[in-house]
Amino acid sequence: MANEMDAASALLDTFFASCPEMLFIAGIDGDVLHASGALRQALGAGITHGNSLSALVHAEDRADFAAAWIRLKEQTEPVLVDVRLMDAQGAYRRLTCNASRAPEGGTIHGSLRQADGERSPAEPSLKERLLDGLADSLHVVLWAIDTEGTVIYHDGKGLDATGLARGALLGKNMLELYPERDRIVLRGALAGAMAHDHNTAHGVHWESWVVPVLNERDEVDVVLGFSLDVTAVKRAQEELRTRLSQIEKQQEVIRTLSTPIIEVWNGVLTLPMIGVVDSVRTAEVMDALLARITEKQAHFAILDLTGVDMVDTKVASHLIELVAAIRLLGAEGIVAGIKPNVAQTMVALGLDLSTISTQRDLRAALSYCIRRMAPQPPQESRASVSAI
């Protein structure tokens, strides 16, 4: 007897494995006990042993399916119902379910077939092929949620970077999975507003387009999402910003070193200039020196040109303007250390240097400043000395 039962069970398993029709046996509570190979191929992992058949039903069809199942439990006559079930790719496909309760009452036996006007699962539409092609070729995640926020499609090569399997979020509510900021975007899409968003999820930076799809009544029927993995771009942008920040800091150090303003005496500033002096550098010198004169309340500012080998017309004009600006701040500008060739250039340019105080070198300029700052004897004392 036992051998006969084992043989019958093996025969049943063989039948379900090889049957070309989409057949199932379910418990009275709706849990799948057996599914044919054709049904498992069509509906994927959701139809495995122990899973609830109702979990694959579209949210809008669940009430009709539940009512049909109640009729199945109450009568032995077959029940026919059209229902949208989630297929192996995570999309919903309209099928016709024809089922009846077994005579002993403990199981439901049924079959599924394509509803009239629906395309066979073995013949995907052009849109479906394009969608699958995008999902398999690009680092993107394609997803869709119904009006309740339940994920009804979840696929894409971009999932490889997250550690999630394709279809891992099917049947889960996206409004419960992600933080409030993302939920605001999803709720907006469910209300009919298209969104373009950047966010971070599962350790990956995403650029997402969220598109509400309307039905014939202009109501949101489903929300589609296209999320592009931009982690590499984000990382490159951050590295570029870091490098630019470093370059700016280095340039600031170079500017500081190239225009070292030194307070050599109380009220006396000196600015040694070395190398090539161009218009840009002269403008930077002017800004820095005038700011320091105001800060230190300096009386004298010495421009030391000992290390300068060449100036052009614009630079010479800037130097004269700088000395004039120093005078307007109540200080005196002194030019020291002009080399012979630089002096010849200035004279040849026909510049008016009569208003500029010049000294032979930095030492002479410092001596000049010290003499100017030394207290002068009163006029009466000098007159008395002359009389004697």
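Residues: numbered from 1 along the sequence shown.
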Would the distance check show the side chain of W206 and the main-chain N or O of A201 forming a donor-acceptor pair, the cut-off being under 3.5 Å?
yes
Reported CD1-to-CG distance for the pair I145 and N173, which is rounded to 0.5 angstrom
8.0 Å
Charged N to carboxylate O under 4.0 angstrom, R101 versus E74?
no
Can you confirm whether H299 is buried at NE2, in the sense that more than 12 heavy atoms of other residues, nucleotides or ligands lie under 6.0 Å from that atom?
no
CZ/R363: more than 12 non-hydrogen atoms of other groups inside 6.0 Å
no
Minimum-distance pair of heavy atoms, taken over all atoms of L186 and L175
CB-CD2, 3.8 Å
With a 4.5 Å limit on heavy-atom distance, are the side chains of V323 and V335 in contact?
yes
Any salt bridge linking E238 with R235? Criterion: basic side-chain nitrogen under 4.0 Å from a carboxylate oxygen.
no
Quick check against the 3.5 Å criterion: does T162 have a side-chain atom that pairs as donor or acceptor with the backbone of G158?
no
Got M22 and R40 here, is their nearest side-chain heavy-atom distance under 4.5 Å?
no
E148 and R62 ion-paired at < 4.0 Å:
no
Would you say L170 ends up clustered with V141 if hydrophobic residues are merged whenever their side chains have heavy atoms under 4.5 Å apart, either directly or through other cluster members?
yes
Does one side chain, of Y368 or E332, offer a donor that lies under 3.5 Å from an acceptor on the other?
yes
Using 0.5 Å steps for rounding, measure from the CD atom of Q359 to the CG atom of L362.
10.5 Å
Any donor and acceptor pair, going by atom type alone, linking the side chain of D61 with main-chain N or O of R84 inside 3.5 Å?
yes
Below 4.5 Å, heavy atoms only, C-beta onward: do F24 and H109 meet side chain to side chain?
no
For A298 versus A331, what's the shortest heavy-atom pair and its separation?
O-CB, 3.5 Å
If every non-hydrogen atom of L142 is compared with every non-hydrogen atom of Y153, which pair is closest and at what distance?
O-CD2, 3.5 Å
If the plane angle is over 60° it's perpendicular, under 30° parallel, otherwise tilted; pick one for W209 and H196.
parallel
Taking every heavy atom of R94 against every heavy atom of Q114, the minimum-distance pair comes out as O-NE2, 4.0 Å
Side chains of T200 and H205, donor plus acceptor under 3.5 Å
yes
Can Y92 and D87 be said to form a side-chain contact (heavy atoms from CB on, under 4.5 Å), step by step?
CA-CA 6 Å; Y92 282 103; D87 64 16; over 6 Å; no
Can you find a pair of side-chain heavy atoms, one from D31 and one from N51, that are under 4.5 Å apart?
no
Kindly say whether the aromatic ring centers of F15 and H34 come within a distance under 6.0 Å.
no
Would D82 and T96 count as a side-chain hydrogen bond (donor to acceptor under 3.5 Å, both in side chains) if you check the C-alpha gap in whole Å, the side-chain angles of each, and the deciding distance to 0.1 Å?
CA-CA 4 Å; D82 284 348; T96 297; 2.6 Å; yes
List the steps and the verdict of side-chain contact (heavy atoms from CB on, under 4.5 Å) for L303 and I334.
CA-CA 6 Å; L303 304 179; I334 303 167; over 6 Å; no
Output for pair (N266 CG, K296 NZ), nearest 0.5 Å, gives 9.5 Å
Please determine whether the number of non-hydrogen atoms from other residues, nucleotides or ligands lying under 6.0 Å from atom CZ of R243 exceeds 12.
no
Straight-line distance of L322 CG to L289 CG, nearest 0.5 Å
5.5 Å
Any side-chain heavy atom of L214 within less than 4.5 Å of one from V220?
yes
Should K157 and D229 count as an ion pair when the cut-off is N to O under 4.0 Å?
no
CZ of R187 to CG of D182, rounded to nearest 0.5 Å, is 11.0 Å
Backbone of D221 reached by a side-chain donor or acceptor of T147 within 3.5 Å
no
Taking a hydrophobic cluster as the set of Ile, Leu, Val, Met, Phe, Trp and Tyr residues connected by side-chain heavy atoms closer than 4.5 Å, whether directly or through intermediates, do I28 and F65 fall within one such cluster?
yes
Should I370 and S367 count as side-chain neighbours, where that means a heavy-atom distance under 4.5 Å?
no
Given the rule that I, L, V, M, F, W and Y join up when any side-chain heavy atoms are under 4.5 Å apart, are V83 and L72 in one cluster?
yes
How close do L53 and L85 get, counting heavy atoms only, and between which atoms?
O-CD2, 4.4 Å
L159 and H154: side-chain contact (heavy atoms from CB on, under 4.5 Å), yes or no, with the steps?
CA-CA 9 Å; L159 288 169; H154 186 237; 3.5 Å; yes
Is it the case that one hydrophobic cluster holds both V222 and V211, taking links as side-chain heavy atoms less than 4.5 Å apart, direct or via other members?
no
For side-chain contact (heavy atoms from CB on, under 4.5 Å), just list the numbers for C369 and I302, CA-CA rounded to whole Å, side-chain angles, deciding distance to a tenth of an Å, and then say yes or no.
CA-CA 9 Å; C369 295; I302 303 172; 4.0 Å; yes
Between E77 and R71 (salt bridge meaning N to carboxylate O under 4.0 Å), is one present in this structure?
no
Tell me whether S100 contacts the main-chain N or O of P78 through its side chain, where contact means a donor paired with an acceptor under 3.5 Å.
no
Heavy-atom distance under 4.5 Å between the side chains of V264 and L366, does that happen here?
yes
Side chain S245, main chain R241, donor-acceptor under 3.5 Å:
no
With rounding to the nearest 0.5 angstrom, report the CD to CG distance, E60 to D146.
7.5 Å
Considering only heavy atoms from C-beta outward, does the side chain of V213 approach that of V223 to under 4.5 Å?
no
Flag yes if L269 and L305 sit in one hydrophobic cluster, no otherwise; membership is Ile, Leu, Val, Met, Phe, Trp, Tyr, and two members link when side-chain heavy atoms are under 4.5 Å apart.
yes
Can you confirm whether N215 is buried at CG, in the sense that more than 12 heavy atoms of other residues, nucleotides or ligands lie under 6.0 Å from that atom?
yes
Please report the shortest heavy-atom distance between L43 and M86, naming the atom on each side.
CD2-O, 3.4 Å
Pair Y178-H202, ring pair (Phe, Tyr, Trp, His ring centres under 6.0 Å): steps then yes or no
CA-CA 10 Å; Y178 294 103; H202 307 291; 5.8 Å; yes
Would W143 and S227 count as having a side-chain donor-acceptor pair, cut-off 3.5 Å?
yes
